[in-house]
Amino acid sequence: MSEVGVTSTGRVVVKVVDLHKYFGSLEVLKGVSLEVHQGDVLTLLGASGSGKTTLLRCINHLEQPNSGEIWVDARPMGFRIDAAGRRRRAREADVNALRMDIGMVFQQFNLWPHMTVLENIVEAPLRVRRWPRRDVHERAMALLEKVGLVDKKDQYPSRLSGGQQQRVAIARALAMQPKVMLFDEPTSSLDPELIGEVLGVMRALAEEGTTMIVVTHEIGFAREVSDRVIFLHNGLIEAQGTPEEVILNPTSERSRQFFSKILH
Amino acid sequence: MLENLQQSLEAFDLALFWEYRAVLLPGLLYNFYVFFLTVGVAVGLGLVAATLRLSSNVVLRWIGTGYAELCRNTPEYITLIWIFYVPPLLLSAALDRNVSFSPLLAAVIALGLASSGYFTETFRAGISSVPRGHIEAARALGMSRSLTMWRIVLPQAVRHMLPEAMNQMVSLFKSTTLVSLIAVPDLLYQVSLVSNATSKGLPLYSGAALVYFLIIFGFATLAQRFSDPWRQRSR
């Protein structure tokens with residue numbers, strides 16, 4: 001694979017090859033390929049309906065692509081090759097196992113309302129990873145420290161602001177120690193004054209070298225934090241490269257239109 | 001005029017009810033007996049039918065829906081009599097020997113079927129009230145389907161459905177008074193026996209009404225007390 005505008009030299013964590021996805025007769029992804037290297041921050045930009053969220057959801061198999069391949073950490077996601085060399089649907093246990101290594105943060109936070117903040121964070125590490133309770137709790141507290149919510153550990157999510165809920169959701173995903181973090185419009189349902197605190201946490205993660213794929217409308221954030229930007233249009237990659245190349249000096253007409261609307 | 005009044009007052013003479021307590025109150029045990037057995041049957045069948053209704057398979061979904069509608073929309077009174085007489089006849093013909101249902105068995109099956117229809121709907125609504133995003137969050141963390149059901153969906157679903165399920169149990173308890181129809185010796189059946197024997201039925205019915213009221217009111221109040229704080233937590 002060619003390295004278009006890639007600055008890092010780490011190994012490939014996520015590889016997508018010629019991905020197609022239909023919803024009924026509507027083709028939302030029309031053959032998308034990309035690679036994300038360890039420590040990279042990739043931002044997916046594009047108008048609504050461009051397929052960026054669907055692409056993200058295909059990576060952890062919340063959506064099943066119709067064709068194409070996804071590899072996470074060199075393991076196939078959602079398919080396997082049988083002894084005869086034929087492509088088969090993956091076993092559910094294999095999908096679950098691979099998902100443990102993929103953190104996801106949703107637009108709607110999706111914290112579980114019947115569990116406290118701490119319980120939300122330790123649930124999957126305890127019951128899916130089956131890591132020892134004491135380690136899990138220690139790490140959960142360290143993560144709460146990192147997102148600045150130690151004093152909220154025994155609260156139920158309904159008592160938290162949207163920004164606080166989203167920071168807990170980030171901590172919950174990180175508690176599994178994933179190899180890559182997916183962010184699906186993490187600030188889109190937040191009040192404007194709460195967006196900064198979530199972007200702050202994400203910025204810190206990026207600086208620590210977390211591998212991230214981010215779908216967002218926060219162009220400023222994308223410019224500042226991304227190593228690479230992909231601009232999607234109608235299910236195809238219209239432009240990709242460094243933030244400077246894609247956002248500041250767009251070469252295609254469509255991306256010029258898109259960014260001029262957003263930047264001004 | 002005065003005589004009439006006195007006669008009507010006699011209808012509230014609870015002393016008579018008390019006098020026959022040794023015959024009447026054991027009948028009450030049958031109401032509880034029928035109630036607990038029926039709850040078991042209804043909740044079990046309701047869970048199965050709710051699972052069918054939530055299945056991704058169209059045929060299974062259709063069977064679950066058909067079952068629930070059939071149970072819900074047939075009067076319990078008729079279900080009770082039908083179950084008492086018809087299945088034994090069919091079984092007798094099929095097995096070529098004499099089959100009959102004891103009144104208690106028929107009562108539990110009939111009331112169980114009837115209220116399982118309501119439980120099906122309550123369980124289904126409770127389970128589908130859990131937002132899709134909560135399930136996706138669990139699955140995205142690598143949780144299996146069953147773990148997600150057990151840890152994320154059911155705890156929330158139970159909180160949602162609790163008040164409704166409690167109401168249904170209260171009306172199920174009321175329905176247990178129907179079983180006297182097929183001679184299950186519950187409180188109401190005993191009342192009718194004594195009333196036939198003594199020709200002083202009205203005070204006995206008043207007493208029975210009061211006893212049922214106190215039990216059901218107590219149960220409903222307890223149910224509310226129990227479910228309120230538990231629901232609050234999920235908000």
Side-chain angles (χ1 to χ4, degrees), chain A residues 53 56-57 59-63 72 91-116 119-130 155-159 165-166 168-170 172-178 180-184 189, chain B residues 43 47 50-52 54-58 60-61 122-166 223-235:
Chain A
T53 287
L56 199 69
R57 289 167 59 87
I59 292 173
N60 68 356
H61 222 53
L62 284 181
E63 302 289 353
V72 177
R91 280 175 282 258
E92 192 179 317
D94 292 338
V95 172
N96 291 341
L98 200 41
R99 278 175 174 162
M100 295 181 209
D101 288 336
I102 310 171
M104 181 149 192
V105 174
F106 298 85
Q107 182 178 348
Q108 298 297 337
F109 331 134
N110 291 337
L111 295 181
W112 303 308
H114 59 298
M115 296 183 183
T116 64
E119 286 166 350
N120 264 277
I121 296 174
V122 301
E123 177 71 13
L126 285 179
R127 290 180 190 271
V128 181
R129 291 273 197 207
R130 296 178 181 283
Q155 297 278 5
Y156 285 94
S158 56
R159 305 285 300 274
Q165 288 190 46
Q166 193 62 299
V168 173
I170 294 173
R172 177 175 68 178
L174 288 172
M176 291 292 275
Q177 306 195 334
V180 57
M181 285 283 287
L182 312 178
F183 292 86
D184 185 11
S189 50
Chain B
V43 168
L47 276 176
T51 311
L52 291 179
L54 291 165
S55 159
S56 52
N57 182 313
V58 188
L60 293 182
R61 223 159 47 216
T122 307
F123 294 155
R124 187 203 58 79
I127 289 172
S128 17
S129 73
V130 177
R132 173 119 213 98
H134 295 180
I135 297 166
E136 286 190 342
R139 305 283 286 147
L141 287 160
M143 291 171 72
S144 66
R145 265 174 224 278
S146 53
L147 188 61
T148 304
M149 185 49 106
W150 189 243
R151 295 289 302 168
I152 307 302
V153 178
L154 285 182
Q156 293 193 66
V158 167
R159 285 173 173 81
H160 280 285
M161 65 175 85
L162 204 59
E164 184 65 23
M166 289 289 182
Q224 190 123 50
R225 282 267 166 80
F226 174 69
S227 60
D228 272 358
W230 216 43
R231 290 191 76 211
Q232 230 101 77
R233 244 175 58 146
S234 67
R235 293 287 162 73

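Here the structure is a predicted model, which means the values were calculated and not measured. All chains are named by letter (A, B, ...) in the order of the sequence lines, taking the proteins before the strands, and each is independently numbered beginning at 1.
Ion pairing between a basic and an acidic side chain is recognised when a charged N comes within 4.0 Å of a carboxylate O; A:E119 and B:R151 show no such pairing.
With a threshold of 4.5 angstrom between heavy atoms, B:L147 approaches chain A through side-chain atoms but not through N, CA, C or O. Only the side chain of A:M176 comes within less than 4.5 Å of a heavy atom of chain B; its backbone N, CA, C and O stay farther away. Looking at A:I102, the atoms closer than 4.5 Å to chain B (heavy atoms on both sides) all sit in the backbone: N, CA, C or O. Contact of B:R145 with chain A is made through backbone and side chain together, with heavy-atom distances under 4.5 Å. At a 4.5 Å heavy-atom cutoff, A:L98 makes no contact with chain B through either its backbone or its side chain. Neither the backbone nor the side chain of A:Q107 comes within less than 4.5 Å of any heavy atom of chain B. Neither the backbone nor the side chain of A:Q108 comes within contact range of chain B; no heavy atom of the residue lies under 4.5 Å from a heavy atom of that chain.
In this structure, B:A140 and A:M104 approach most closely via the heavy-atom pair CB-CB, 4.2 Å. The nearest pair of heavy atoms linking A:N96 to B:S144 is ND2-CA, 3.6 Å. Here the closest heavy-atom approach between residue A:W112 and residue B:M143 is recorded as CH2-SD, 4.1 Å. The minimum heavy-atom distance linking A:L62 with B:R139 is given by the pair CD2-CB, 4.5 Å. Across every non-hydrogen atom of B:Q156 and A:P113, the tightest pair is OE1-CG, 3.1 Å.
A donor-acceptor distance shorter than 3.5 angstrom exists from the side chain of A:N110 to the backbone of B:G133, with no hydrogens or angles considered.
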Q: Could you please spell out the steps behind the side-chain contact (heavy atoms from CB on, under 4.5 Å) verdict for A:M115 and B:I152?
A: CA-CA 9 Å; A:M115 296 183 183; B:I152 307 302; 3.9 Å; yes
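The most heavy-atom pairs under 4.5 Å with chain B, out of A:E92, A:R129, A:R172, come from A:E92.
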